[in-house]
Structures are given as C-alpha cells and as structure tokens.
Amino acid sequence: MPTTTTPIPLDVPPALREAWERHQAIVKLGDPILQQVARPVPRFDAELRTLVERMAIIMDEAHGLGLAAPQIGVSLRVLIYKVEETLRVLVNPKIISMRGEQLDPPEGCLSIPGLQGRVRRAMEVRVKGFDARGKPVSRRATDLEARVIQHEIDHLDGVLFIDRADPETLEWVFGPGEDDDGNAAPRE
Ligand code: NI
C-alpha cells in the first residue's frame, strides 16, 4: 500500500508559482480534500450531470487528460477523462481486475502543476461503474487510458501520484507554458 503522507509544503519553484495560481477552480496540493476518501454518489440526478459538465469544462480549460471531482472541491466518486478525443465519465467506479505493468510516460497532475514523476501502473484494467445517468458502464482499458483511470481512482481514495511515484524521478518541469499542448507529461 502506498503511503498517503504527502510532502507538504512542496517547495514550488518561483517560475511555477504562476501556474499554481492559474485555473482557480482546480484544488491544489495542500488542500485536505485531496487526501480524503470521496463518498459514493447517492443519486443520479440533475445535480450530478451539472457536476460532470462543469468538470468537463474545467478539464478542457486546463488541457487535462483526466479530472476527479475532489480536484474541484467536491468529495464524490466521479471521474472524467478524455483519451483519444472521447470524453468518458465514471461514477462510483471500481477496478475489477488489473494486468501487466507500465512505467511510462511520467505522470503529472492538475493539482500539482509542473511536477512529474514515474509511477508504476497496471498495463490493463477492467473497470465498472456508471455514467452520469446511472447506466452501468464496463470498460477494459490499456496503456495511457488505463494509467489515467488508475490515477483518477486514486484521487477518489485520497491518493496522489506523488504518493506512488518513484521519489528519484520526481522533478519540476518548466515547459513553454501550462496551456501549451507540447510534450509535457499527461496532466490528470
Ligand atoms: Ni491528478
């Protein structure tokens, strides 16, 4: 089991402070909600669909690959992600099985702007959950999609990628800009 002890406060490099101020809707490391276990969604109602729509807008604005509800301050088991242009929603997700292993690419997180690190993840996961209308969803995912799902479900359990990353590989990355779709690690 990973430790959930997060090294706070992180010594954020001055050049990245502006990135931490950007996208105010996204909760950053240091907010205790990121280390809480989120509650299951009790009802598939209009409020849930509004939450999912809001998450999709915020994720797009921040050029993220994935986003979990606690990252916008809502402690519910909801995640979204967009891998290969398809937006997917998982409510109350459960990983049914995991296979294999992957080490790359390094991970980043919208809640920890600029930090990257290498995290060992399963290469393939089978996940079950519901869409925003309560319809059961079952999905087999591999590679990057599997990585994103594992990263986001970790958020629902109060676990951050820095809790799982090989500490030797954690590094600050100064890209040409947070909003650049360059070669930065996936931000989730
Ligand atoms: Ni994240």
Side-chain angles (χ1 to χ4, degrees), residues 1-10 12 16 19-39 51-52 54-83 87-93 95 98 102-122 125 127 129 141 143-167 169-173 175 178-181 183-188:
M1 282 299 289
T3 167
T4 50
T5 310
T6 302
I8 299 174
L10 273 180
V12 179
L16 282 166
W20 280 61
E21 294 299 317
R22 221 177 296 154
H23 305 303
Q24 289 280 337
I26 298 174
V27 166
K28 304 302 192 303
L29 179 68
D31 189 312
I33 199 169
L34 291 175
Q35 291 177 288
Q36 289 167 12
V37 177
R39 286 175 294 117
L51 170 66
V52 168
R54 230 181 106 223
M55 287 172 66
I57 291 167
I58 292 168
M59 183 177 77
D60 271 355
E61 280 173 359
H63 295 281
L65 267 186
L67 188 71
Q71 291 183 279
I72 62 162
V74 178
S75 195
L76 285 173
R77 302 188 78 80
V78 180
L79 67 85
I80 65 169
Y81 64 90
K82 199 189 252 183
V83 174
L87 179 71
R88 296 186 189 276
V89 178
L90 283 170
V91 179
N92 298 343
I95 289 180
M98 294 180 157
Q102 56 174 314
L103 277 175
D104 288 305
E107 286 185 24
C109 181
L110 292 171
S111 295
I112 316 172
L115 196 66
Q116 291 185 11
R118 184 176 268 184
V119 185
R120 189 184 301 269
R121 299 285 190 188
V125 297
V127 64
D143 298 279
L144 183 59
E145 183 181 354
R147 176 175 292 280
V148 174
I149 289 170
Q150 290 167 84
H151 177 113
E152 301 312 332
I153 289 181
D154 270 353
H155 273 300
L156 305 183
D157 291 327
V159 175
L160 298 170
F161 87 92
I162 55 175
D163 300 320
R164 292 195 190 271
D166 173 353
T169 66
L170 283 173
E171 59 172 353
W172 293 105
V173 175
E178 166 100 335
D179 289 319
D180 197 84
D181 285 316
N183 50 9
R187 289 183 293 253
E188 302 151 54

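Sequential numbering from 1 along the given sequence is applied to the chain's residues. Both counts, for ligands and for their atoms, begin at 1 and track the order of listing.
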Exercise. Check the pair R164 / E107 against salt bridge (Lys or Arg N to Asp or Glu O under 4.0 Å), numbers first and verdict last.
Key: CA-CA 10 Å; R164 292 195 190 271; E107 286 185 24; over 6 Å; no

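Taking R118 as the reference, L103, D104, T169 meet the side chain to side chain contact (heavy atoms under 4.5 Å, CB included) condition, with sequence neighbours excluded.
Inspection of the Y81 and E188 side chains reveals no N or O donor paired with an N or O acceptor under 3.5 Å.
R187 places a side-chain heavy atom less than 4.5 Å from the side chain of H63. Taking 4.5 Å as the limit, every side-chain heavy atom of D143 sits out of range of all side-chain heavy atoms of V83.
Comment: D157 engages R77 in a salt bridge, judged by a side-chain N to carboxylate O separation of less than 4.0 angstrom.
Ordered by chain and number, C109 SG, H151 NE2, H155 NE2, E188 O make up the set of protein N, O or S atoms under 2.8 Å of the Ni ion (ligand 1).
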